[in-house]
Amino acid sequence: MKMQKYLTIAFVALIIITFASFFMYSYMYRPHRNVIEEQTVAVLSATELQNRFADANGSLESFADKIIEVNGLISNVEQQRTIIVDDKVQIDFDGSSEIEATLIKGNMIRVKGRCVGYDDLLEIVKIDQAILINNY
Amino acid sequence: MKNLRNTILLAMISTVIGVYTGNAQKKYIDKNANIVFEASEKLFEEVKAETESATAILDTETNEIASLALVKGFRFKNSLMQEHFNENYIESDTYPKATFKGELLDFDSSKLTESPSEILVDGTLGLHGKEKDIRTTLSVRKVEDAIVMEGAFKVAPEDFDIEIPKLVRSKIAKEVLVQINFNLVGR
């Protein structure tokens, strides 16, 4: 009888430990942010975005690390997966997307991505993990 | 009349000089500069992050080099580690940038070849609102029209007033190895 009691306690403990470690694991190794699924915080033009950062440092917190949508003209196609929009915003596309061939200087473009912050050496805003929404 | 001729001559000369110096490439820029830092301890989870969107600018006339990395642009394998790094250690909302300003010593860009030469660089690393002098050697070489720079140096978190809690101290190396890889293109 006593034996059975111990077994029940051990069994319950085992279940608790299993669940706890499962939750611990999923907390510690949860996936990175998913730009596609996340809601866009703001939609604005490249010039507008750059002005916000360049003018007042106060707006720095409002967009840094947020998911935003930006539109404008491609002013330069850099190497790899990088384009410059209106000489104001640098877009680094997500590594998994294959789109570079269709990006041409002068195209109107709209992308969704994570705003990284303001680069005051080049005076441009940087966006990474971007995905293409429109390109024409 | 003579005055007019002189003016025209002067205008022509200055145009020629202007065009000439304008064509000489002075600035080399990398908009996708690669920076990796690692503070892993053996047997523990890898503490390593990488950015491929830092900026580096080299002025070959003054030999000045400037680099800027947005801290939020660093990617860790583990997203929770990345979050802790940003929020608790480097406080990237308050200090969004990591900067380096320095000078290449005894450097002459016109003498660069495809085989790398060791160049001493002297400068200041700014991070977490603090600054520290850095002196290190870079391996510099020419690849077609670009200047490629590679190097590594070590810094300690306490140099920048970054406190590592006791609980995780054994899992994070005392010295952080920073590796840079710049591919600077003439503009």
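Everything numeric in this text was worked out from a predicted model, so none of it was measured. Note on naming: letters A, B, ... go to the chains in the order of the sequence lines (proteins, then strands), and numbering restarts at 1 for each one. Hydrogens, waters and symmetry mates are skipped; everything else that's a heavy atom, side chains included, is used.
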Worksheet item: Hey, does A/Thr82 have a side-chain heavy atom less than 4.5 Å from the side chain of B/Glu52?
Response: no
Discussion item. Do A/Val116 and B/Val71 make a side-chain contact, defined as non-hydrogen atoms from C-beta onward lying under 4.5 Å apart?
Written reply: no
Worksheet item: Taking atom CD of B/Glu163 as the centre, does the number of heavy atoms from other residues, nucleotides or ligands within less than 6.0 Å exceed 12?
Response: no
Fill in: Path from B/Val176 to B/Ile162 over hydrophobic side-chain contacts below 4.5 Å
yes
Discussion item. Whether the side chain of B/Lys31 engages the backbone of A/Glu78 through a donor-acceptor N/O pair (distance < 3.5 Å, no angle test) should be reported.
Written reply: no
Fill in: Engaged part of B/Ile57 at the chain A interface, taking heavy atoms whose separation is under 4.5 Å
side chain
Worksheet item: Do you reckon A/Ile124 sits in the same ILVMFWY cluster as A/Phe53, going by side-chain contacts under 4.5 Å, direct or chained?
Response: no
Worksheet item: With a 4.5 angstrom heavy-atom cut-off, which part of B/Ala54 approaches chain A: side chain, backbone, both or neither?
Response: backbone
Discussion item. If I compare all heavy atoms of B/Ser79 with all of A/Pro31, which pair ends up nearest, and what's the gap?
Written reply: OG-O, 3.5 Å
Practice prompt. Apply side-chain hydrogen bond (donor to acceptor under 3.5 Å, both in side chains) to the pair A/Asp119 and B/Thr55, showing each step before the final yes or no.
Written response: CA-CA 8 Å; A/Asp119 179 334; B/Thr55 299; 2.3 Å; yes
Discussion item. Is it true that, when you exclude B/Lys132 itself, more than 12 heavy atoms of the residues, nucleotides or ligands shown sit nearer than 6.0 Å to its NZ?
Written reply: yes
Discussion item. Could you tell me if the side chain of B/Asn32 sits less than 4.5 Å from the side chain of A/Arg81, heavy atoms only?
Written reply: no
Worksheet entry | Whether A/His32 side chain and B/Arg75 backbone form a donor-acceptor pair below 3.5 Å | no
Worksheet entry | Heavy-atom pair with the smallest gap, counting every atom of B/Lys72 and A/Asp65 | CE-CB, 3.4 Å
Worksheet item: Relative to chain B, which segment of A/Asp92 carries a heavy atom at a distance below 4.5 Å: side chain, backbone, both, or neither?
Response: side chain
Discussion item. Hydrophobic cluster membership, with links at side-chain heavy-atom distances under 4.5 Å among I/L/V/M/F/W/Y: are A/Leu121 and A/Val85 in one?
Written reply: no
Discussion item. Could you measure the distance from the CE atom of B/Met81 to the OH atom of A/Tyr29? Nearest 0.5 Å is fine.
Written reply: 7.0 Å
Worksheet item: In this structure, are over 12 heavy atoms from other groups packed under 6.0 Å from A/Ile9 atom CD1?
Response: yes
Practice prompt. Step through the shown structure and confirm whether more than 12 heavy atoms of other residues, nucleotides or ligands are within 6.0 Å of CD on B/Glu103.
Written response: yes
Worksheet entry | Within 6.0 angstrom of B/Asp106 CG, more than 12 heavy atoms from elsewhere | no
Fill in: Test: A/Asp120 and B/Lys97 ion pair at under 4.0 Å
yes
Worksheet entry | Side-chain donor or acceptor of B/Asn78 paired with backbone N/O of A/Met28 under 3.5 Å | yes
Worksheet item: Atom CG in A/Asp128, atom CG in B/Leu70: separation rounded to 0.5 Å?
Response: 9.5 Å
Fill in: Shared hydrophobic cluster for B/Leu58 and B/Ile180 (ILVMFWY, side-chain gaps under 4.5 Å)
yes
Discussion item. Looking at A/Leu14, I'd like to know if its CG atom is crowded, meaning that more than 12 non-hydrogen atoms belonging to other residues, nucleotides or ligands lie closer than 6.0 Å.
Written reply: yes
Discussion item. Looking at B/Lys101, I'd like to know if its NZ atom is crowded, meaning that more than 12 non-hydrogen atoms belonging to other residues, nucleotides or ligands lie closer than 6.0 Å.
Written reply: no
Worksheet item: Is the shortest distance from a Lys or Arg side-chain nitrogen in A/Arg33 or B/Glu83 to a carboxylate oxygen in the other one below 4.0 Å?
Response: no
Practice prompt. Could you tell me which portion of B/Thr94 (side chain, backbone, both or neither) has an atom closer than 4.5 angstrom to a non-hydrogen atom of chain A?
Written response: neither
